[in-house]
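Structure first, then comments.
Heavy-atom basis, side chains included; hydrogens, waters and symmetry copies ignored.
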Amino acid sequence: MHHAPVGRDSMTVRRLARALSPLPEESLPGLLLRLAYRMERSPARAARLCGLIHHQNRLPGEYLISLPAERIGPFAAAARLNVEEANALTLSSFAALYPPLASVRIDGSRNTTASRKSWAASISSRYCAACLSGDGSPVQTLYGGPWKLRWHLPVAYACVRHRTLLSHTCPSCGGTPNRPTNTERQGLITHRTTSGLHPGQCRRLVPDVHGAPAVPCAARLDHDRQAARVPEADHPFCWPCSTALISV
């Protein structure tokens, strides 16, 4: 692990006492979910401790595309990362392979609509349950495997490692991971103030049939083993190149 140097930006936040090293291909929202679960705090609190909360108390969706220059230093310092590791958590690391990212921002307003029309990226993520369940290591057994960056790209439809199609809805409630409700503004993590959920649990609020306040679905997405296998005839289009799904 490389630590960011302590400079003017890094002095605005304190280093986390219990940081986590990013997993291969992990996304920024994925790392924040794991950090929050480890610290027993909400993702919003974890993001605030990392210097990522916007001045309007938002966790902007455009942070998935790239981090503003003024946020990189504080975030890297707090999370005990260097700047390269911090940038690698955003889709900017794929811009050379996937040109549509170069001209797209996701900010919860008109640019969100533009990004959807261009099919460049989505805040909502597909997922592979086997990847989310981890690789058996102690850290991933406790906090789950990575929510991968490429799962936010519409051209990524299969898991190369597990040879299954990516899932796009929760097997329990049918909701789409990290898609906001009609009353919630698009952000990096849906229901960011909800704490206590494992990174592999569904965060979608489910209305109570008896009229009680809605509660998180909380179904374990990493326990869903019903993902469809990629047909053998399609294997040549997906393997062996692990970047094929983002360079088409």
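Between the side chain of Gln140 and the backbone N or O of Ser137 there is no donor-acceptor pair closer than 3.5 Å. No donor-acceptor pair closer than 3.5 Å links the side chain of Arg14 to the backbone N or O of Ala78. One N or O on the side chain of His152 and one on the backbone of Ile123 form a donor-acceptor pair closer than 3.5 Å. Panel note: side chain Tyr127, backbone Thr169; a donor-acceptor pair is recorded below 3.5 Å. Formation of a donor-acceptor pair under 3.5 Å by the Arg161 side chain with backbone atoms of Ala130 is not found in this model.
Nearest approach of Tyr98 to Ala120, heavy atoms of both residues: CE2-O, 2.8 Å. Listed here is the closest heavy atom pair of Ala76 and Ala86: CB-CB, 4.3 Å. Leu188 approaches Pro29 most closely through the heavy-atom pair O-CB, 3.8 Å. When all heavy atoms of Arg203 and Thr194 are compared, the pair lying nearest together is NH2-O, 2.8 Å. Taking all atoms of both residues into account, the shortest heavy-atom contact from Thr164 to Cys128 is OG1-SG, 4.1 Å. Of all the heavy atoms in Cys50 and Leu35, the pair that sits closest is SG-CD1, 4.4 Å.
The shortest distance between side-chain heavy atoms of Glu85 and Leu89 does not fall below 4.5 Å. The shortest side-chain heavy-atom distance between Pro216 and Leu197 falls under the 4.5 Å cut-off. Using a 4.5 Å cut-off on side-chain heavy atoms (C-beta onward), His162 and Cys131 make contact. Using a 4.5 Å heavy-atom cutoff, the side chains of Leu166 and Cys159 are in contact. Leu221 places none of its side-chain heavy atoms less than 4.5 Å from the side chain of Gln201. In this structure, Cys202 and Cys173 have side chains that are in contact, with non-hydrogen atoms separated by less than 4.5 Å. Contact check for Leu52 versus Tyr63: side-chain heavy atoms found under the 4.5 Å cut-off. Contact check for Asn87 versus Ile72: side-chain heavy atoms found under the 4.5 Å cut-off.
The NE2 atom of His198 sits 7.5 Å away from atom NE2 of His223, with the distance rounded to the nearest 0.5 Å. Rounding to the nearest 0.5 angstrom, the gap separating the CG atom in Leu59 from the CZ atom in Arg48 is 10.0 Å. The CZ atom of Arg38 sits 15.5 Å away from atom CG of Leu33, with the distance rounded to the nearest 0.5 Å. The CG atom of Leu149 sits 8.5 Å away from atom CD of Glu26, with the distance rounded to the nearest 0.5 Å. Taken from CG in Leu32 to CZ in Arg192, the straight-line distance is 12.0 Å, to the nearest 0.5 Å. For the atom pair CG (Leu142) and OH (Tyr37), the distance works out to 8.0 Å, reported to the nearest 0.5 Å.
The same ILVMFWY cluster, assembled from side-chain heavy atoms under 4.5 Å apart, contains both Met39 and Leu31. No continuous path of ILVMFWY side-chain contacts below 4.5 Å connects Leu23 to Trp147, so the two sit in separate hydrophobic clusters. The hydrophobic cluster containing Ile53 also contains Leu81, counting ILVMFWY residues as joined when their side-chain heavy atoms lie under 4.5 angstrom apart, directly or transitively. Hydrophobic cluster membership is shared by Leu28 and Val139, with clusters built from Ile, Leu, Val, Met, Phe, Trp and Tyr side chains linked at under 4.5 angstrom. Side-chain heavy atoms closer than 4.5 Å link hydrophobic residues (I, L, V, M, F, W, Y) into clusters, and following such links, possibly through other members, connects Leu20 to Leu16.
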For this session: Apply salt bridge (charged side-chain N to carboxylate O under 4.0 Å, His left out) to the pair Arg150 and Glu25, showing each step before the final yes or no.
Result: CA-CA 8 Å; Arg150 70 177 62 209; Glu25 299 187 57; 2.7 Å; yes
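Side chain to side chain, Ser124 and Ser122 fail the donor-acceptor criterion of an N or O pair below 3.5 Å.
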